[in-house]
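Following: one structure in structure tokens, then a few remarks.
Note: hydrogens, waters and symmetry copies are ignored here, and every other heavy atom, side chains too, is used. Just follow the structure's listing: the first ligand is 1, and inside any ligand the first atom is 1. What you are looking at is a predicted structure, and each value in this text was computed from that prediction instead of being measured.
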Amino acid sequence: MNKRILTGDRPTGPLHLGHYVGSLQNRVKLQHEYDTYVLIADVQALTDNFEHPEKLGDNIFQVALDYLAVGLDPEKVKFVVQSMVPELTELTIYFMNLVTVATLERNPTVKEEIKQRNFVKGVPVGFWSYPISQAADITIFKADLVPVGEDQLPMIEQAREIVRRFNRLYAKVLVEPRAMLGAVARLPGTDGGAKMSKSLGNCIYLGDSSEQVRKRVMSMFTDPTRIHPTDPGHVEGNPVFTYHDVFNPDKAEVEALKERYRKGTVGDVEVKQKLFAALDSFLAPIRERRAEFAAQPKRVHEIIIEGTRKGRAVAQSTMNEVRTAMKITYKFE
Ligand code: ATP
Ligand code: MG
């Protein structure tokens, strides 16, 4: 039997370049080798969007379009909607006994996200404990490999700890997953912030039009210490150059631009125009495939339903083993 991949995205908006280099690229590359399940994590998205549940439905569709646009093959890859697999909720509850409050409080990614989100009425328990439900997502599929961005490493570590604890306590049912980082572990935002993220509004989306991409690139953050195009500039930590390194296949052009930038013989505008050209040719075929599928909503819905059906079957079979291991198979006859 093929090894499994499980990974996913929160349907809080369409997917962006960060998702591509952090995770999607590996999913596309490995889809023929691994039995792949991709979770559209609407339940997790609710943990910080519970006041706006109406956002999720359309975004589930948008995320599925992005998957198809980047080349995930629906014949191979199962797109699974989290809320349609209620077994995940049950496993989450069992896992809650295996994690301490102190461990949750130490999770560095959750700490950072709590700061960013600035919950006015306090941190919801659901948000604070989402690493536990995410461990259920990964392990119910018995995933070996989880392609993710760097922010997710503490989640995978949490999942591994839960698996070890469960297998020791009850029976060896669950599989310890491994994280797999993408070509870029953490793509910065267009604002120069540490991470491109839907919640931060610093994204270039995979479905953006040429004009939107141009606007977003031309207004990108560069080197704050540089006032005139003749000032020597900094290339390191400058997101425009980070994007050039990742998305511009013309390495000679990138090296020449860097050299001129350091010397102060090229302006930001030229560097950005060349970045726009590179990004636009990377995104053009993705945009085109996205439009093709967007015109066939019925087909996309069928892909989601079929993927979810197959995913749920795997989840139900794992839960039978879990309940047996936990001796909650009482028969009152
Ligand atoms: P949200 O703000 O709603 O949390 P997000 O932009 O952080 O959205 P997620 O759906 O939480 O996106 O992340 C899905 C996957 O994409 C995760 O594996 C995550 O690590 C990866 N990812 C997201 N942003 C980046 C990024 N900027 N660089 C690398 N990987 C990323
Ligand atoms: Mg996130």
- request: Please confirm whether R186 comes within less than 3.5 Å of ligand 1 when only nitrogen or oxygen atoms on both sides are compared.
  value: no
task: Establish, yes or no, whether a centroid distance under 6.0 Å links the rings of F241 and H234.
output: no
- request: Would you mind running through ligand 1 and noting each atom that sits below 4.0 Å from a heavy atom of S199?
  value: 1 (P), 2 (O), 3 (O)
- prompt: Against heavy atoms of G8, which atoms of ligand 1 measure under 4.0 Å?
  reply: 14 (C), 15 (C)
task: Could you tell me whether the side chain of F141 reaches within less than 4.5 Å of the side chain of D35, counting heavy atoms only?
output: no
- request: Mind checking the NZ-CG spacing from K274 to L257? Nearest 0.5 Å is all I need.
  value: 5.5 Å
message: So, regarding T12 and ligand 1 (criterion: nitrogen or oxygen to nitrogen or oxygen, under 3.5 Å), is there a contact or not?
response: yes
- prompt: Any side-chain donor paired with an acceptor under 3.5 Å for T109 and D151?
  reply: no
- prompt: So is there a nitrogen or oxygen of V184 less than 3.5 Å from a nitrogen or oxygen in ligand 1?
  reply: no
A185: numbered ligand 1 atoms lying under 4.0 Å from its heavy atoms: 29 (C)
query: By number and element, which atoms of ligand 1 are closer than 4.0 Å to a non-hydrogen atom of D9?
result: 10 (O), 14 (C), 15 (C)
statement: ligand 1 atoms nearer than 4.0 angstrom to some heavy atom of G149 are 18 (O), 19 (C), 20 (O), 21 (C), 30 (N)
field: Per-atom contacts of ligand 1 with S197, taking only distances under 4.0 Å to non-hydrogen atoms
entry: 2 (O), 5 (P), 6 (O), 7 (O)
task: Report the member of N59, D151, N26, V148 with the shortest heavy-atom distance to atom 20 (O) of ligand 1.
output: D151
task: State whether E259 and R262 are salt-bridged, where the test is any N-O pair (Lys NZ or Arg NE/NH1/NH2 against Asp/Glu carboxylate O) under 4.0 Å.
output: no
message: For ligand 1, which is the ligand I care about here, please tell me if V21 has any N or O atom under 3.5 Å from one of the ligand's N or O atoms.
response: no
Candidate pair Y67 and I40, rule side-chain contact (heavy atoms from CB on, under 4.5 Å), full reasoning: CA-CA 10 Å; Y67 291 163; I40 306 182; 3.9 Å; yes
task: State whether a side-chain donor-acceptor pair under 3.5 Å links Y243 with N248.
output: no
- prompt: Is H16 in polar range of ligand 1, meaning some N or O pair under 3.5 Å apart?
  reply: yes
- request: Using distance alone, determine whether T7 and ligand 1 share an N or O pair under 3.5 Å.
  value: no
message: Please report whether ligand 1 has a polar contact with H19, defined as an N or O pair separated by less than 3.5 Å (distance criterion only).
response: yes
message: Looking only at distances, can you tell me whether any N or O atom of K198, backbone or side chain, sits closer than 3.5 Å to an N or O atom of ligand 1?
response: yes
task: Consider ligand 1: state whether an atom of it lies below 4.0 angstrom from any non-hydrogen atom of Q44.
output: no
field: Distance-only donor-acceptor check, side chains Q158 and N107, under 3.5 Å
entry: no
message: Just by distance, no angles: are the side chains of Y205 and Q62 close enough, under 3.5 Å, to form a donor-acceptor pair?
response: no
- line: One finds that the ligand 1 atoms under 4.0 Å from a non-hydrogen atom of G22 are 29 (C), 30 (N)
- request: Just jot down the ligand 1 atoms closer than 4.0 angstrom to any heavy atom of Q152, in number order.
  value: 17 (C), 18 (O), 20 (O)
